[in-house]
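Quick notes on the structure that follows.
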Amino acid sequence: MNTIEIICQNCDERREFPKGITLAEVSRQFNIKLKYPVLGALVNNKLRELSFDLYKPKTVNFIDFSHNIGYRMYVRSVYFLLYAAVKEVIPQALLRIDHSVSKGWYAELEGENIELNEDLLKRIRERMVEMVAADLPFTRQEILTAEAAQLFMKNGQMDKAELFGRRHEMYTSVYGLNGFINYFYGYLVPSTGYLTLYDIRHYYKGLLIRVPDPENFEIPPAVTHQPKLFKVFREHKKWINILDVPFVGNLNKATSEKRDTDLIKISEALHEKRIARIADKIYRWYDKVKIVLISGPSSSGKTTFSKRLSIQLMVLGLKPVQISIDNYFVDREHTPRDEKGEYDFESLQAIDIDLFNENLNDLLIGREVRLPRFDFNSGRRSYYNGTFKMKPDQVLIIEGIHGLNPDLTPHIDPARKFGIFVSALTQISIDAQNPISSTDNRLFRRMVRDYRFRGYSALETLRRWDSVRNGEEKNIFPFQENADVMFNSALLYELAVLKTYAEPLLKTIPEIEPEHAEALRLMKFLSYFQPISSREIPPTSILREFLGGSSFIY
């Protein structure tokens, strides 16, 4: 037979097509109309470019910019567009894309006698506009991995050469654009003409790369500045450069040279030192500060951080007392519901704010308080036997997603509060143009913990992740700059450790599930890391909260 059956999920149709037909042609014949231009397709839940040829029966789901996978394709393509424009305008410059901040990605131009001023930035922008207007193709070529490493070395891309020099796969793919070769660890859009909207602007000593919001394909006119978050990233960049492990290739080299144990010890020592400094700061303000509010997104390690902070406070002579916001949930029938009609436990209105503030104020003025506790099985509040009264040497430690939202504690004197934002702000990058998503870092942590301690499969974790992220965007991240201090809970070595635990879980996600495409992406990402044993990780490490073996009780 010279034809194959293609099932298109977008229009719920199936048709016969000649073997060897491309996805682009299938899209045209099905007359696919999405919200935005078609960028690629999920073929049997595997991402493929529009140039992909079909020779067997397949189920196809075309995607655009509004799909999270299409969004990543667009972002990677903007990275390459910027890289090519920089190399044409100032060939000796190295574009280094460091991390996400202010709803975009921060980048710098490195090299001797390079100063990013408005004139230089204008020339880069103009060249990007010209390349988009020319609708230049992003070309992909399969070559031997050893040849790819040599090619990157010849081009002075030592970060990529180091990484590919230790790869075990025989072949790899590289992308080309207008004579420049690079690699972006995933598919790109078909051509520069698809990149109709982006924003490149001056930001601190570098530039900020922004792309449209997937919901409305618009870029907000104003940049949301996050100076505290930016400072944390800058501090960690300085530190990893001192250790000479800015990229995954450097980490793999350290592992091969048996220096991974030293990296574990140094990373853990840095955490301990920074937690001790936060405790010192609270102690200096102790004449006023009596409430420590800790917030952060899922799997940031808030619980272990709280326990380690409490130990450091006890070293200084204080006696921390933990109060859980969860005990202040309203009775189930009063819990607000979301747009789907389900209970919204992440809403601030799910908390009895009046009682919470009343209890805190009473404790601050020395009154005895009968504290509530919430029964999640019955959905009702009860109270502990007896009362609690704060002693002069005690400080309240309160952990929860709403901790930095001023509407949680509107009746508490701001001078009595100390806010801490905890998140895993990944320090290491894959290479100079490919930062690692902090969201992915937390996803690996959560996936491993869900399986080991909560009985959830990797598939269930991935299914819940979008909902978790939406809650974070609504309830946590808008308030992170309210923190008095930020603590980066990411560990330099952790992704190489999590690899061993996460890969078997991701392999269990079957091809028939939509999440299979995401599982493949995550497995490919982990494949770039050489594994590091968890044996040397101390029992007080934040990573133990997710792996097990912690000396803390959760």
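On a predicted model such as this, the values are computed, not experimentally measured, just so you know.
Under a cut-off of 6.0 angstrom, the local environment of NZ in Lys474 is sparse, with at most 12 non-hydrogen atoms contributed by other residues, nucleotides or ligands. At most 12 heavy atoms of other shown residues, nucleotides or ligands fall within 6.0 angstrom of atom NZ in Lys253.
Atom CG of residue Leu243 and atom CD of residue Gln427 lie 9.5 Å apart, to the nearest 0.5 angstrom. Rounded to the nearest 0.5 Å, atoms CG (Leu459) and CD1 (Ile509) are 5.5 Å apart. In this structure, Asn45 CG and Glu513 CD are separated by 8.0 Å, a value rounded to the nearest 0.5 Å. The distance from atom CD1 of Ile97 to atom CD1 of Ile209, rounded to the nearest 0.5 Å, is 4.0 Å. Here the NZ-OG1 distance, from Lys307 to Thr540, works out to 13.0 Å after rounding to the nearest 0.5 Å. Distance CD/Gln530 to CG/Asn252: 4.5 Å, rounded to 0.5 Å.
Contact record, Ile537 with Leu547: CD1-CD1, 4.0 Å, taken as the closest heavy-atom pair. Contact record, Ala41 with Leu23: CB-CD1, 4.0 Å, taken as the closest heavy-atom pair.
A salt bridge is defined here as a Lys NZ or Arg NE, NH1 or NH2 lying under 4.0 Å from an Asp or Glu carboxylate O, and Arg234 with Glu108 meets this definition. Taking 4.0 Å as the cut-off between side-chain N and carboxylate O, Asp440 and Arg521 count as a salt-bridged pair. A salt bridge is defined here as a Lys NZ or Arg NE, NH1 or NH2 lying under 4.0 Å from an Asp or Glu carboxylate O, and Arg442 with Glu472 meets this definition. Residues Arg166 and Glu162 are paired through a salt bridge, judged by an N-O separation under 4.0 Å between the basic side chain and the carboxylate. Here Glu272 does not pair with Lys265 in a salt bridge; the nearest charged N to carboxylate O distance is not below 4.0 Å.
Counting only heavy atoms from C-beta outward, the side chains of His99 and Leu425 never approach each other to under 4.5 Å. With contacts defined as side-chain heavy-atom distances shorter than 4.5 Å, the pair Met447/Leu462 qualifies.
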>> Show, in sequence, the C-alpha distance, side-chain angles and deciding distance for Tyr185 and Tyr528, and conclude whether the ring pair (Phe, Tyr, Trp, His ring centres under 6.0 Å) test is met.
In response: CA-CA 10 Å; Tyr185 309 95; Tyr528 294 102; 4.9 Å; yes

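Within the structure, salt bridge (Lys or Arg N to Asp or Glu O under 4.0 Å) pairs that include any residue of residues 69-82 comprise Arg72-Glu518 (at least two apart or interchain). For the ring-ring contact (aromatic ring centres under 6.0 Å, His included) condition, the pairs that include at least one residue of residues 149-175, sequence neighbours left out, are Phe152-Phe164, Phe164-Tyr183. Among residues at least two apart or in separate chains, salt bridge (Lys or Arg N to Asp or Glu O under 4.0 Å) pairs with a member in residues 147-160 are Lys160-Asp431. Sequence neighbours left out, not one pair with a member in residues 215-231 passes salt bridge (Lys or Arg N to Asp or Glu O under 4.0 Å).
Judged as a salt bridge (charged side-chain N to carboxylate O under 4.0 Å, His left out), and not counting sequence neighbours, the contacts of Arg167 are Glu169. Under the salt bridge (charged side-chain N to carboxylate O under 4.0 Å, His left out) criterion, Glu126 pairs with no residue, sequence neighbours left out. Take Asp262 and apply the side-chain hydrogen bond (donor to acceptor under 3.5 Å, both in side chains) test, not counting sequence neighbours, and it matches no residue. Residues forming a salt bridge (charged side-chain N to carboxylate O under 4.0 Å, His left out) with Lys507 (at least two apart in sequence, or on another chain): none. Partners of Arg452 by side-chain hydrogen bond (donor to acceptor under 3.5 Å, both in side chains), not counting sequence neighbours: none found. Scored by the side-chain hydrogen bond (donor to acceptor under 3.5 Å, both in side chains) test, Lys46 finds Glu511 as partners (sequence neighbours excluded). By the side-chain hydrogen bond (donor to acceptor under 3.5 Å, both in side chains) test, Ser429 is found to be paired with no residue, residues two or more places apart in sequence or in another chain being considered.
For the residue pair Thr303/Tyr554, the side-chain donor-acceptor check at 3.5 Å is not satisfied. Counting only N and O atoms by type, the side chains of Asn182 and Gln433 include a donor and acceptor under 3.5 Å apart.
For the ring-ring contact (aromatic ring centres under 6.0 Å, His included) test with Tyr74, the passing option among Tyr198, Phe138, Phe65 is Phe65; the others fail. Tested against Tyr493, the residues Ile266, Thr255, Leu543, Asp260 include a single side-chain contact (heavy atoms from CB on, under 4.5 Å) partner, Leu543.
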Review item, side-chain donor-acceptor pairs of residues 494-506, under 3.5 Å, at least two apart:
residue : atom : partner : partner atom : Å
Glu494  : OE1  : Asn441  : ND2          : 2.9
Glu494  : OE1  : Arg445  : NE           : 2.8
Glu494  : OE2  : Arg445  : NH2          : 2.8
Glu494  : OE2  : Leu491  : N            : 2.8
Lys499  : NZ   : Glu503  : OE2          : 3.2
Lys499  : NZ   : Leu526  : O            : 2.9
Lys499  : NZ   : Phe529  : O            : 3.1
Tyr501  : OH   : Ser534  : OG           : 3.0

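Classification of the Phe80-Tyr83 ring pair by plane angle, with boundaries at 30° and 60°, yields tilted.
A ring-centre distance under 6.0 Å is not found for Phe233 and Tyr106. His271 and Phe305 have their aromatic ring centers separated by at least 6.0 angstrom.
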